[in-house]
2 protein chains.
Amino acid sequence: MSPETTEGTYQVQGQIGFVLRKANQRHVAIFATHIADLTPPQFAALAKLRDVGETSQNQLGGLIAMDAATVKGVIDRLAARGLVQLAKHEVDKRRLMVKLTDEGHRLIVELLPRARTITEETLSPLSAKDAETLLQLLTKIS
Amino acid sequence: MSPETTEGTYQVQGQIGFVLRKANQRHVAIFATHIADLTPPQFAALAKLRDVGETSQNQLGGLIAMDAATVKGVIDRLAARGLVQLAKHEVDKRRLMVKLTDEGHRLIVELLPRARTITEETLSPLSAKDAETLLQLLTKIS
DNA sequence: ACATTTTCATTCGTACACAAGTGATAACCT
DNA sequence: AGGTTATCACTTGTGTACGAATGAAAATGT
């Protein structure tokens with residue numbers, strides 16, 4: 001029986017929460033070596049906007065799993081850098097529409113190949129089959 | 001061939017970084033329902049201190065994968081609540097030693113069973129075998 | 001012994017992440 | 001229509017997370 005499952009023992013290092021945090025740390029570190037001037041959430045926002053075109057802030061948050069407060073900060077910083085453009089929805093005055101600027105579009109297209117490298121490097125300790133398994137299992141607990 | 005691995009396609013939702021973030025989000029949410037007055041990092045710090053007794057702040061950070069700046073914030077908040085006790089190392093004047101107070105010890109012992117529940121609930125979408133596999137694969141990429 | 005390098009802790013700045021509360025607007029419902 | 005509820009965005013407050021810079025103290029090398 002492994003130490004993690006032994007009755008009466010509790011090792012933080014073996015818990016799912018701890019390992020998730022560490023794996024994420026390593027991924028973010030790898031990300032930063034390949035894409036220095038964008039954070040993973042910022043990249044996710046730009047990549048998603050490229051997929052869907054224009055959306056509202058909240059809707060975008062739903063697509064990339066960020067709550068309203070978080071998405072606002074991310075979008076504000078992207079807007080300040082001229083990568084996205086904001087506009088009030090003409091009919092529904094509550095909504096704030098977001099879309100890529102030309103520069104934002106150019107940037108995300110340029111960075112997409114590097115994103116693939118990041119994924120590869122993060123999964124490099126695993127075989128292709130194990131990587132696929134990991135993705136599936138993680139998706140199930142998400 | 002799955003969409004994620006198709007040449008020329010890039011879906012943020014299928015990337016390891018995105019799925020890691022989402023899995024972690026769900027875990028933290030589950031954690032909060034069972035242990036409301038402690039965050040996962042705070043819990044990790046207390047649990048580790050219970051294992052090792054007294055350590056320095058930096059050393060503790062190494063054990064639970066937090067850098068110096070992060071660990072300081074966590075420990076400060078625990079100290080403010082009287083759960084840990086701080087003291088300068090007598091010989092090495094650089095080091096700040098940390099240990100559980102009686103209250104901190106009582107609390108972490110009380111919460112340990114709930115931590116097991118949290119782990120179980122987080123992994124509940126998986127079979128026992130798959131859960132074990134996930135732990136192993138995550139550890140490999142950590 | 002003494003200069004160099006490490007280590008430890010702290011501080012500052014930036015960036016998520018989310019709960020809770022607010023105000024404006026839209027949708028709903030009888 | 002008019003009141004209720006829901007949605008959207010924003011704000012505030014707390015808590016990680018980490019890079020970079022700083023200062024004190026210890027370890028190291030010659």
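Below, chain A is the first sequence line, B the second, and so on; all start at residue 1.
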**OP:** Answer with base, sugar-phosphate or nothing: what part of the nucleic acid does B:Val71 contact at a heavy-atom distance below 4.0 Å?
**Re:** nothing
Original post:
Regarding B:Thr70 and B:Asp67, is there a side-chain donor-to-acceptor distance under 3.5 Å anywhere?
Top reply: yes
Original post:
For B:Lys93 and C:dT10, what is the distance between atoms NZ and C1' respectively, to the nearest whole Å?
Top reply: 19 Å
**OP:** Can you tell me the distance, in whole Å, between the CG atom of A:Asn58 and the P atom of C:dT25?
**Re:** 16 Å
Original post:
Whole Å only: how far is the NZ atom of B:Lys72 from the P atom of D:dA20?
Top reply: 21 Å
Original post:
Looking for any heavy atom pair under 4.0 Å, which part of the strands does A:Val98 touch: base, sugar-phosphate only, or nothing?
Top reply: nothing
Original post:
Heavy atoms, side chains only, cut-off 4.5 Å: are A:Phe43 and A:Val74 in contact?
Top reply: no
Original post:
With a 4.0 Å cut-off on heavy atoms, is A:Val28 in touch with a base, just the backbone sugar-phosphate, or nothing at all?
Top reply: nothing
Original post:
Want to settle it: does A:Asp92 or B:Ala69 sit nearer the 5' end of DNA chain D, counting the closest nucleotide to each?
Top reply: A:Asp92
**OP:** Please determine, by modelled atom types, if A:Thr119 and B:Gln15 share a side-chain donor-acceptor pair under 3.5 angstrom.
**Re:** yes
Original post:
So does A:Arg77 get a side-chain nitrogen or oxygen closer than 4.0 Å to the phosphate oxygens (OP1/OP2) of C:dC16?
Top reply: yes
Original post:
5'-most contact on DNA chain D: A:Ser56 or B:Thr39, nearest heavy atom basis?
Top reply: A:Ser56
Subject >> Heavy-atom closest pair, residues B:Ser124 and B:Arg26 >> reply: OG-NH2, 4.0 Å
Subject >> Length of the line joining A:Lys22:NZ and D:dT16:P, which is rounded to integer Å >> reply: 19 Å
**OP:** For residues B:Ala47 and A:Val12, report the shortest heavy-atom separation together with the two atoms involved.
**Re:** CB-CG2, 4.0 Å
Original post:
Please give, in whole Å, the distance from C:dC8 P to B:Gln57 CD?
Top reply: 12 Å
Original post:
Tell me: NZ of B:Lys88 to C1' of D:dG23, nearest whole Å?
Top reply: 13 Å
Original post:
Base, sugar-phosphate, or nothing for B:Thr70, non-hydrogen atoms under 4.0 angstrom?
Top reply: base
Original post:
Once you round it to whole Å, what is the distance between P of D:dG19 and CG of A:Asp37?
Top reply: 16 Å
Subject >> 5′-ward residue of the pair A:Pro41/A:Val91 relative to DNA chain C >> reply: A:Pro41
**OP:** Would you tell me if any nitrogen or oxygen in the side chain of A:Gln42 comes within less than 4.0 Å of OP1 or OP2 on C:dC16?
**Re:** yes
Original post:
Do the side-chain N or O atoms of B:Arg94 get closer than 4.0 angstrom to the phosphate oxygens (OP1, OP2) of C:dT6?
Top reply: no
Original post:
NA contact type, A:Ala68, heavy-atom cut-off 4.0 Å: base, sugar-phosphate, or nothing?
Top reply: nothing
**OP:** Send over the distance from A:Asp67 CG to C:dA19 C1', rounded to a whole Å.
**Re:** 9 Å
